[in-house]
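Every chain is numbered from 1 and lettered A, B, ... according to where its sequence line falls, protein lines coming before strand lines. In this text, all values refer to a predicted model and were calculated from it rather than measured experimentally. Quick note: numbers below take in every heavy atom, side chains included, and nothing from hydrogens, waters or symmetry partners.
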Amino acid sequence: MEISKEKFQIVGTRSTEAEKISKPSLSFWKDVSIRFRKNKLAMFGVVLLILLIIMAIFGPYMTKFDYRTNNLVNTNKPPGSMHWFGTDDLGRDVFARTWQGARISLFIGIAAAAVDFFIGVFWGGLAGYKGGRIDEFMMRFADVLWGIPYLLLVILFMVVMGQSLGTMILAMTITGWINMARIVRGQVLSLKSQEYVLASKTLGAGLQRIMGKHLIPNTMGPILVTMTLTVPSAIFTEAFLSYLGLGLTPPLASWGTMASDGLPAIKYYPWRLFFPATFICLTIFAFNVIGDGLRDALDPRLRK
Amino acid sequence: MEKLLEVKNLEVSFQTYGGEVKAVRGVSFDLHKGETLAIVGESGSGKSVTSQTIMKLIPMPPGKIKGGQILFNGEDIVKKTDKQMEKIRGKEISMIFQDPMTSLNPTMKIGRQIMEVLTKHQNMSTSTAKERAVELLRLVGIPMPEKRVIQYPHEFSGGMRQRAMIAIALAANPKLLIADEPTTALDVTIQAQILELMKDLQSKMDTSIIFITHDLGVVANVADRVAVMYAGQIVEMGTVDEVFYDPRHPYTWGLLASMPSLDNDDKSELAAIPGTPPDLIHPPKGDAFAARNQYAMAIDFEEEPPMFQISETHFAKTWLLHPDAPKVEPPEAVKRRMRKLASTFEKPVLVQEGKS
Amino acid sequence: MAKYITKRLLYLLFSLYLIITATFFLMRLAPGNPFTGEKQLPPEIQASLNEHYGLNKPWYVQYGDYLVKIAHWDFGPSFKYNSRTVNDLINDGFPVSLFLGVEAILIALALGTLLGIIAALKHNKWQDYGAMIIAVLGISVPSFIMATVLQYFLAIKWHIFPVARWDSFMHTILPALALASTPMAFIARLTRSSMLEVLANDYIRTAKSKGLGQTAITIKHTIRNALLPVVSYMGPLSAGIVTGSFVIEKIFGIPGLGSHFVMSISNRDYTVIMGVTVFYSIILLSAILLVDIAYGFIDPRIKLTSGKKGE
Ligand SMILES: Nc1ncnc2c1ncn2[C@@H]1O[C@H](COP(=O)(O)OP(=O)(O)OP(=O)(O)O)[C@@H](O)[C@H]1O
Ligand SMILES: [Mg+2]
């Protein structure tokens, strides 16, 4: 072996080398986003959702028909160059109604998720942060409420309070926030014991500051997953209520009301069911795969 | 003595999102009948992966044996199928795992977890297996074994679970027992008892043991030979005396210097090795230990050192043994215990490629 | 054990009390409800309502009477049909609904766990993707759409199953399948993720190190532990089956309690809505309690006295 002698000079540790060889640390969210983008199904869901949202915004303007005008000479027309998705039993354009319905169905889903979020974060955050008796009482209350069958309660509410968008969202969120509250509380409890929160507490930071700066960002992952999965369940509930005759009242169009109006006509006018039903399924599908993808991306144990 | 196990140039990798983790990079060692080999090294040095590969227990994928041979009784384990391995696992080779808390099935009674091995490998009927399970529990020192066999793991303490684990591992009288840090999760007194138990059982049953630990203090008590692992490679290997009293690799010096010992109560000298182990996705050029090595030479950053032989049984993988290297003094704590051993060669001999 | 069950029973009673109270007062808020007496009703119905609810008495007496009657398993009269009481409807419809529900639960459990187990054992292979696509579809298609589509193709077009009604076992298959589709999908996903979690556990490696074969490991060590979360899903599962039966029974013309309930909703038969809601709540809350107790027997780690997982 030929090695020049000066190579055997002692040079000692190389701190720069030691720095460089330690793993390149990606920031948490960057890591999550990389893993999420590798999930083909979830990315497909994102694309689908973006398309649906674009159509919900622009769809109603793409046709000259509007969603509420009856046209009794043009009832139950199959899809064609005039009416792209056909017409319904009152001669209304199904294309216009579908995208009008998209607005309402998506609005219901997102509003339900948002209300859940605010109540859940407030309730769970407060319970977890205050701890002790207050926590005990607040979570017991949630437990009891949780015991009540969800859809029965929603049905009862709709029967009593009348069928409007507001009641529907209210009814859906009356027990919907509990899940969120539990997640937030759990995270708050585990984070509360961690040093950096203790540190900022001793430094005299107020409740709001601690919640805003540390707790909320750390809890963001599970919250995001729950919200993503609340949207499809709300859209589902809306369709279910419409089918029971507890949906929105005409001429308002939601996918649920359109689908349940179209059900009896499946044999002769299948398009009246096909379009709203397909979009309900696609939307629920998109949100579900996005939620799953987010959960997998956020879970470091699943790193392959 | 007869060779039971021969590992030659073993390479194991894991495919991950970040790239290929080269967890084991060319490991060779052998083991004789009735012998105990200790493998020591920092966390992440590849001890568990090496030992689990011997039983083909690493998850594949993402794991993959990239090269090398594992000869057990002369047969290459690497080539064996899963079906063939079933006849070896538990019967010829068995293993005690690092964490007794999670290594037992929480919803199965302890007795049944032991009986599984007996019915599988010893063709025992359920009733004889049950009796034998009680016997085994008694053998590993669990009081009132008749009661304990019908209990679940959560009714056992950590030490008792590890004893139950040992009972499972010994149930079929294996020829080779791999103990992967069997005492790390336990407190000190229980540790001593478990080690005593293993030594005792070994002398009764004449099994060979691979004993994995990162606690050098334990090694002197139990092992015949020691292999020191760093970043997926064996950097020094020799008898216990050779490694403790005549260590040659600067990493071994670091380990010894950071070991508290009875004759040295001056705590200020306990020196941890600075820095962190290298990234195994992109192992550094040259000697993997160079960046943390205060004795590193220019060549350490360029060329991987070859294996040098210091005695019939003593090997070390460092450029410091090259004839051109300067003479260096090991740290004070290590120097104090250095002894001249009779078996040492005149001069370190370079081990030729392909031979160890 | 007894202490735990007592505690849980108290909780159950408290939840039930809340539900009963809520329905009682909510109904008084509903426009056109029988309690305000604004509407002119046929005299016979007015009489039976008077008799049952004591409408001329003050509200707190009515409330107290109502609680007592429910404690005696009397859910009151119908507000639309003089001849029927809620108890009649329950006696008439619930056995049918129960049969349909149990059949659907069995289908959902069998198919769901099977799909989940296959998916987990063939993780990241085509079987996994196939099973999960089926599961995502099951979750994405609301049951009333699923039911209509199944009915249209399998019964109306291809004549494999009867279209509707409730005459023979053949009549039950299609509705039970439609009812099972969403819960089956949930169970498949739950089983899969729980199997994967169990498979990553150290004790599976221990089992492998003993020389057990793949089948023995799956049956003895994996499935049992992986199915524990599925057992605790039985509560939400029965709730889903009950609410799903509302639409399924309507679509297939099945004379079960679900159809009666939906009918009472469209008729705004307030007293029936109230009575059936309370009845379903009792059934569901008891089901959840039973599941929890059963879980305590199945999982040795759980001591029912503490109600928590012990280590
Ligand atoms: N399933 C796996 N996937 C990816 N990398 C793995 C896997 N198992 C082990 N590794 C990597 O292989 C390397 C060696 O790990 P190993 O468990 O053998 O270390 P060890 O020496 O046993 O450490 P410890 O003392 O902590 O048990 C580590 O870098 C680890 O991250
Ligand atoms: Mg290890």
Side-chain angles (χ1 to χ4, degrees), chain A residues 41 45 140 143-162 174 229 232-233 235-246 255-256 259-260 262-264 266-267 270 273-274 276-278 280-289 292 295-296 301-302 304, chain C residues 11-12 14-16 18-19 22-23 26-31 33 124 129 132-133 136-137 139-145 147-149 151-152 156-157 182 189 193 196-197 200 236 239-240 242-244 246-247 250-251 261-262 264-266 268 270 273-274 276-278 280-281 283-285 288:
Chain A
L41 199 57
R140 280 283 175 268
D143 285 349
V144 170
L145 212 55
W146 184 251
I148 301 174
Y150 165 70
L151 272 172
L152 281 178
L153 197 69
V154 173
I155 290 173
L156 213 61
F157 250 77
M158 296 304 290
V159 167
V160 172
M161 318 269 281
I174 222 152
L229 295 176
S233 112
I235 292 177
F236 181 92
T237 308
E238 188 273 329
F240 175 83
L241 289 175
S242 303
Y243 183 74
L244 293 186
L246 291 172
W255 285 337
S260 50
L263 275 182
I266 182 175
K267 205 162 169 186
L273 173 66
F274 177 79
T278 307
I280 291 176
C281 299
L282 283 180
T283 311
I284 297 180
F285 172 82
F287 275 104
N288 269 312
V289 293
D292 286 354
R295 179 170 35 211
D296 290 352
R301 279 179 314 164
L302 292 181
K304 270 199 272 180
Chain C
Y11 262 100
L12 185 151
F14 188 59
S15 287
L16 263 183
L18 278 188
I19 294 172
T23 46
L26 275 174
M27 280 307 158
R28 304 174 70 90
L29 293 176
N33 73 72
N124 283 338
Y129 297 127
M132 284 308 106
I133 286 173
V136 175
L137 286 182
I139 286 172
S140 306
V141 182
S143 57
F144 69 94
I145 294 177
T148 312
V149 171
Q151 187 185 42
Y152 181 65
I156 297 175
K157 267 211 146 147
T182 307
R189 287 155 51 105
S193 62
L196 288 178
E197 216 177 301
V242 164
T243 42
F246 301 164
V247 295
K250 188 178 163 197
I251 289 173
F261 187 54
V262 174
S264 67
I265 289 173
S266 28
R268 294 293 189 270
Y270 293 108
I273 298 177
M274 196 157 111
V276 175
T277 304
V278 171
Y280 273 135
S281 304
I283 296 293
L284 288 177
L285 290 177
I288 292 171

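Both the backbone and the side chain of C/I139 come within less than 4.5 Å of a heavy atom of chain A. Using a 4.5 Å cut-off between heavy atoms, A/F157 contacts chain C through its side chain alone, with no backbone atom that close. The contact between A/Y243 and chain C is made by backbone and side chain atoms together, counting heavy-atom distances below 4.5 Å. Only the side chain of A/I155 comes within less than 4.5 Å of a heavy atom in chain C; its backbone stays farther off. Looking at C/Y11, only its side chain comes within 4.5 Å of chain A, counting heavy atoms on both sides. Using a 4.5 Å cut-off between heavy atoms, A/L246 contacts chain C through its side chain alone, with no backbone atom that close. When heavy atoms are compared at a cutoff of 4.5 Å, C/T23 approaches chain A by way of both its backbone and its side chain. Interface remark: A/L263 contributes backbone and side-chain atoms alike to the contact with chain C (heavy atom separation under 4.5 Å). There is no contact between C/S266 and chain A, counting heavy-atom distances below 4.5 Å. For C/I251, the parts lying near chain A are the backbone and the side chain together; criterion is any non-hydrogen pair under 4.5 Å. Only the side chain of C/L18 comes within less than 4.5 Å of a heavy atom of chain A; its backbone N, CA, C and O stay farther away. Residue contact with chain A, scored on non-hydrogen atoms closer than 4.5 Å, involves the side chain of C/V262 exclusively.
In this structure, C/F246 and C/I265 have side chains that are not in contact, with every pair of non-hydrogen atoms separated by 4.5 Å or more.
With respect to chain C, the highest number of heavy-atom pairs below 4.5 Å among A/D292, A/T283, A/I235 belongs to A/D292. Put simply, of C/I19, C/V149, C/L12, the one with the most heavy-atom pairs under 4.5 Å next to chain A is C/I19. Ranked by heavy-atom pairs under 4.5 Å with chain A, the list C/V247, C/I156, C/L137 is led by C/V247. Between chain C and the options A/L156, A/L41, A/V159, the largest number of non-hydrogen pairs under 4.5 Å is found for A/L156.
Of all heavy-atom pairs spanning C/Y270 and C/M27, the tightest one is CD2-SD, 3.6 Å. Minimum heavy-atom separation, A/L273 to A/A259: CD1-O, 3.6 Å. In plain terms, the two heavy atoms of A/P264 and A/S260 that are nearest each other are CD-O, 3.4 Å.
Atom CZ in A/F240 sits 4.5 Å away from atom CG in A/L244 (nearest 0.5 Å). C/F144 contributes atom CZ, which lies 8.0 Å from atom CZ of A/F236 (distance to the nearest 0.5 angstrom). To the nearest 0.5 angstrom, C/I288 atom CD1 is 9.0 Å from C/S15 atom OG. Within the model, atoms CG of C/L16 and CG of C/L284 stand 10.0 Å from one another, a figure rounded to the nearest 0.5 Å.
Heavy-atom contacts from other residues, nucleotides or ligands closer than 6.0 Å to OH of C/Y152 number more than 12.
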Do C/S193 and C/E197 pass the side-chain hydrogen bond (donor to acceptor under 3.5 Å, both in side chains) test, and can you show the C-alpha distance, the side-chain angles, and the key distance before you say yes or no? CA-CA 6 Å; C/S193 62; C/E197 216 177 301; 5.9 Å; no
